[in-house]
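Numbers restart at 1 for each chain; the letters A, B, ... are given by sequence-line order, proteins then strands.
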There are 2 protein chains.
Amino acid sequence: MITIKEIAKLANASSSTVSRFLNDSGYVSDEARKRIEKVIRETGYIPSEHAKSLRTKQTKVIGVIVPRLSTDTSSRLVNAINDELAEHGYQIILANTNLSPAKEIENLKLLRSRQVDGIILLATNVNEELIREIRQLPIPLVALGQEIPGISFIVNDDYGAAKDMTELLITRGHKKIAFIGVPEQDRAVGYFRKKGFMDALQEKSISICNEWMAEANFDLSSGYEAMKTILQRTAQKPTAVFAVTDSIAIGAMHYLMEIECHIPKDMAVVGTGNSRVSQYIKPSLTTVDFSNEDMGRKAAKLLLHHIKETNGEPKKITMTYSIIKRDSV
Amino acid sequence: MITIKEIAKLANASSSTVSRFLNDSGYVSDEARKRIEKVIRETGYIPSEHAKSLRTKQTKVIGVIVPRLSTDTSSRLVNAINDELAEHGYQIILANTNLSPAKEIENLKLLRSRQVDGIILLATNVNEELIREIRQLPIPLVALGQEIPGISFIVNDDYGAAKDMTELLITRGHKKIAFIGVPEQDRAVGYFRKKGFMDALQEKSISICNEWMAEANFDLSSGYEAMKTILQRTAQKPTAVFAVTDSIAIGAMHYLMEIECHIPKDMAVVGTGNSRVSQYIKPSLTTVDFSNEDMGRKAAKLLLHHIKETNGEPKKITMTYSIIKRDSV
DNA sequence: GACTAATGTGGAATCGATTCCATACACATC
DNA sequence: GATGTGTATGGAATCGATTCCACATTAGTC
């Protein structure tokens with residue numbers, strides 16, 4: 001590999017001058033500029049980022065930790081983050097946790113050793129150890145999707161969205177509404193969405209039947225199973241079902257179709273997240289759009305802000321949402 | 001940041017010894033080992049990868065260039081690549097071209113300056129300049145999706161898949177088959193899939209009507225428009241349509257539904273790629289599965305092979321495919 | 001007891017950039 | 001002519017690791 005020294009020699013200058021030329025810092029005469037430019041063009045010289053980083057403590061790389069990349073939400077978020085960061089000359093290095101909390105911490109360390117300038121963490125379940133690890137991080141971190149006390153985060157208005165959506169169902173005349181959630185460890189999806197649902201019912205004095213509440217994990221088949229469980233154990237069939245994610249909703253719809261329960265005539269279904277699939281299935285799914293694109297860009301901007309202002313206060317941003325009315329209600 | 005020197009001082013050893021301890025290279029006595037271990041544990045020392053890379057010329061980072069991250073294919077590929085590489089202690093740094101050829105080259109340079117150990121390029125259109133740039137790369141590169149002469153690549157059997165699928169339509173009695181393609185610059189999707197389609201028809205001596213051939217780009221709405229164009233300009237309505245991607249197929253289906261053309265009774269539709277959506281739409285889409293998961297892992301393995309054996313011959317791998325029969329035919 | 005071999009350790013050069021500092025020259029100002 | 005200022009350049013230290021080499025100690029062999 002060709003180095004700055006060799007460029008300097010070929011251009012009849014010192015490496016200091018070449019460096020000043022490269023970074024546009026300090027004086028370089030026009031003649032020297034021309035000579036250096038020529039040599040660089042001819043040799044195809046590309047400066048080593050490692051040597052640079054070692055000296056400057058800046059890497060222009062941001063670490064992004066995601067639970068898994070192959071989901072709609074993750075890939076849209078990462079795409080938006082990348083677009084925004086690229087505009088500011090940053091690249092991203094990916095770390096995939098495959099939903100394992102241990103890997104979340106391991107990745108945090110890995111990224112630290114690469115001296116990334118900052119980290120964006122797409123959090124799922126937040127535990128004590130993770131918070132401790134984040135706190136002692138020497139670089140800024142922005143969490144997405146979950147509230148983490150003391151650090152900057154961006155969350156969706158999970159509570160408001162779930163409440164609004166439930167109210168929509170009530171407005172349409174539904175009184176017997178089933179609910180398929182996920183474990184409450186996941187504060188955002190498990191706890192807040194459930195709370196929004198419950199509060200909406202309570203405000204309208206609509207009773208909640210335990211038989212209509214089921215728990216799934218994040219995948220489609222678990223939505224299918226949850227719907228099955230609900231309908232098989234209850235005598236009084238609900239007229240609508242609220243699912244905390246689109247995948248769960250689509251799984252539930254599959255079961256309903258299987259037993260020839262018509263959507264929305266016999267049973268209304270709503271999801272959450274506005275996955276790409278949701279608009280192409282039949283009937284198209286009424287859901288909540290959280291604008292991942294916007295969230296990703298905001299996250300990138302917030303992180304860049306923290307990188308600039310190292311002593312900036314932690315910020316909490318709550319994204320707005322919109323209800324997408326389609327044919328499943 | 002704490003450095004190896006400070007660790008050495010605290011552990012009453014030299015940095016050489018600490019380094020030997022860290023890399024398990026050379027002699028370190030048990031006593032020294034214990035002292036160093038203790039100090040590292042207490043200080044939470046994490047070695048700088050930059051200093052390491054500068055010296056060793058190894059980064060344990062692979063660059064991955066994708067046209068865009070938010071598509072099914074890309075995100076599944078990247079996920080698989082990441083999984084495989086992570087198992088071997090590598091991380092990936094992402095570069096997004098947003099479909100611009102200029103950015104493809106720019107990213108190549110960017111990754112080179114970061115001294116990644118290798119590059120995986122998810123190629124779209126391959127031009128002379130790109131090939132030149134790749135050839136003079138001092139590190140191994142594996143291309144995905146497109147054939148690039150002289151370097152290792154993994155491609156789908158686009159020709160075979162398109163031919164097989166067309167034969168399926170013919171077997172089902174279709175003789176008037178429309179085709180929605182993409183520009184032939186994209187050799188894999190544009191040229192080979194089209195050729196497979198044409199050859200299948202020719203072999204069965206089925207004539208091809210120019211009015212039934214349309215071109216779209218990769219997005220859904222262009223599939224919608226292409227279908228519209230075909231049906232509006234032809235007197236003789238085809239009975240089936242072959243789309244070179246699932247997105248195009250779904251766009252076409254939307255138009256067909258709009259004009260109340262029943263699928264598959266009035267018109268059979270087939271796509272290519274087995275996108276996640278394809279199985280959830282109604283009617284579910286008959287399509288070709290290329291197993292991106294497998295391709296991603298193979299790409300990672302092939303790249304690692306080239307990193308080890310620097311003088312390895314370029315390899316060409318063609319993936320197999322399988323036709324997924326569903327309800328749209 | 002002399003020699004070799006194995007074990008263990010630290011000093012110093014090195015990787016490829018940036019950056020502080022010293023120096024030099026040209027010109028303007030009083 | 002002394003002084004100051006802006007322009008231009010190169011030398012040398014530095015970042016934090018690895019690694020070669022020299023050296024010291026101990027053990028084993030004849």
Side-chain angles (χ1 to χ4, degrees), chain A residues 1-37 39-40 43-61 89 109-117 138-139, chain B residues 1-37 39-40 43-61 89 109-117 138-139:
Chain A
M1 246 217 20
I2 190 154
T3 71
I4 198 173
K5 257 192 195 162
E6 297 171 62
I7 297 295
K9 202 183 290 172
L10 289 171
N12 204 18
S14 70
S15 46
S16 319
T17 306
V18 178
S19 175
R20 279 193 299 268
F21 166 82
L22 287 171
N23 299 292
D24 218 5
S25 58
Y27 299 111
V28 181
S29 67
D30 277 354
E31 296 95 77
R33 200 173 286 275
K34 264 177 212 149
R35 289 197 315 272
I36 294 171
E37 208 161 20
V39 173
I40 288 181
T43 53
Y45 163 70
I46 297 177
S48 154
E49 286 295 327
H50 290 296
K52 209 184 231 173
S53 303
L54 183 57
R55 199 45 237 246
T56 62
K57 308 285 167 211
Q58 264 229 346
T59 57
K60 290 275 183 179
V61 173
K109 287 196 179 140
L110 222 60
L111 291 176
R112 208 174 137 182
S113 75
R114 297 218 181 275
Q115 328 238 185
V116 294
D117 291 344
I139 48 171
Chain B
M1 244 216 22
I2 190 156
T3 72
I4 198 173
K5 256 192 196 163
E6 298 170 63
I7 297 295
K9 201 183 290 171
L10 289 172
N12 202 18
S14 71
S15 46
S16 322
T17 306
V18 177
S19 175
R20 278 194 299 268
F21 166 82
L22 288 170
N23 300 293
D24 218 4
S25 59
Y27 300 110
V28 181
S29 66
D30 276 353
E31 294 96 77
R33 201 172 285 277
K34 264 177 213 150
R35 288 198 316 269
I36 295 171
E37 207 162 21
V39 172
I40 289 182
T43 53
Y45 163 71
I46 298 177
S48 154
E49 287 296 324
H50 290 296
K52 208 184 230 171
S53 303
L54 183 57
R55 204 39 242 252
T56 62
K57 309 284 170 216
Q58 263 230 349
T59 57
K60 289 279 184 173
V61 174
K109 287 196 180 141
L110 221 60
L111 290 176
R112 208 174 138 184
S113 75
R114 296 216 182 277
Q115 329 240 181
V116 294
D117 292 344
I139 47 171

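Of the N and O atoms on the side chains of A:S53 and A:Q58, not one donor lies less than 3.5 Å from an acceptor on the other residue. The closest side-chain donor-acceptor pair between A:T17 and A:S14 falls under 3.5 angstrom.
Near DNA chain C, meaning a heavy atom under 4.0 Å away, the residues from residues 12-19 of chain A are A:S16, A:S19.
Chain B approaches DNA chain D within less than 4.0 angstrom (heavy atoms of the protein), and the contacting nucleotides run 5' to 3' from D:dG16 to D:dT19.
The distance between atom CZ of B:F21 and atom C1' of C:dG10, rounded to the nearest whole Å, is 18 Å. Put simply, OH on A:Y27 is 16 Å from P on C:dC21, counting in whole angstrom units. The nearest whole Å value for the distance from the CG atom in B:D30 to the C1' atom in C:dT9 is 15 Å. As a whole-Å value, the separation of B:R33 CZ from C:dT7 C1' is 12 Å.
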query = Could you walk me through whether A:I139 and A:V116 pass the side chain to side chain contact (heavy atoms under 4.5 Å, CB included) check?
reply = CA-CA 8 Å; A:I139 48 171; A:V116 294; 3.7 Å; yes
inquiry  = Please evaluate residues A:M1 and B:Q115 with respect to the criterion side chain to side chain contact (heavy atoms under 4.5 Å, CB included), reporting the C-alpha separation (whole Å), side-chain torsions for both, the decisive distance (0.1 Å), and the verdict.
reply    = CA-CA 10 Å; A:M1 246 217 20; B:Q115 329 240 181; 3.8 Å; yes
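Recorded end-axis angle for the helix from C:dG1-D:dC30 to C:dC30-D:dG1 stands at 50°, based on five pairs per end and rounded to 10 degrees.
Residue pairs that meet the salt bridge (Lys or Arg N to Asp or Glu O under 4.0 Å) test with at least one member in residues 1-19 of chain B, sequence neighbours left out, do not exist here. Residue pairs meeting the salt bridge (Lys or Arg N to Asp or Glu O under 4.0 Å) criterion with at least one member in residues 43-55 of chain B, sequence neighbours excluded, are A:R114-B:E49, B:E49-B:K52.
Note on B:A8: nothing from the nucleic acid sits closer than 4.0 angstrom, heavy atoms only. Residue contacts shown for A:Y45 are limited to sugar-phosphate atoms, with no base heavy atom under 4.0 Å away.
Not one N or O on the side chain of A:R20 forms a donor-acceptor pair closer than 3.5 Å with the backbone of A:G26.
The residue among A:K5 and B:R20 whose nearest nucleotide of DNA chain C is located toward the 5' end is B:R20.
Contact record, A:S113 with A:L110: OG-O, 2.7 Å, taken as the closest heavy-atom pair. Contact record, B:L22 with B:P47: CD1-CG, 4.4 Å, taken as the closest heavy-atom pair.
Rounding to the nearest 0.5 Å gives a distance of 11.5 Å between OG of A:S15 and CD1 of A:I7.
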Which pairs would a plain distance check flag for residues 28-36 of chain B, meaning a side-chain donor or acceptor within less than 3.5 Å of a matching protein atom at least two apart in sequence or in another chain?
residue, atom, partner, partner atom, Å
B:S29, OG, B:A32, N, 3.3
B:R33, NH2, B:V28, O, 3.4
B:R35, NE, B:A11, O, 2.8
B:R35, NH2, B:N12, O, 3.2

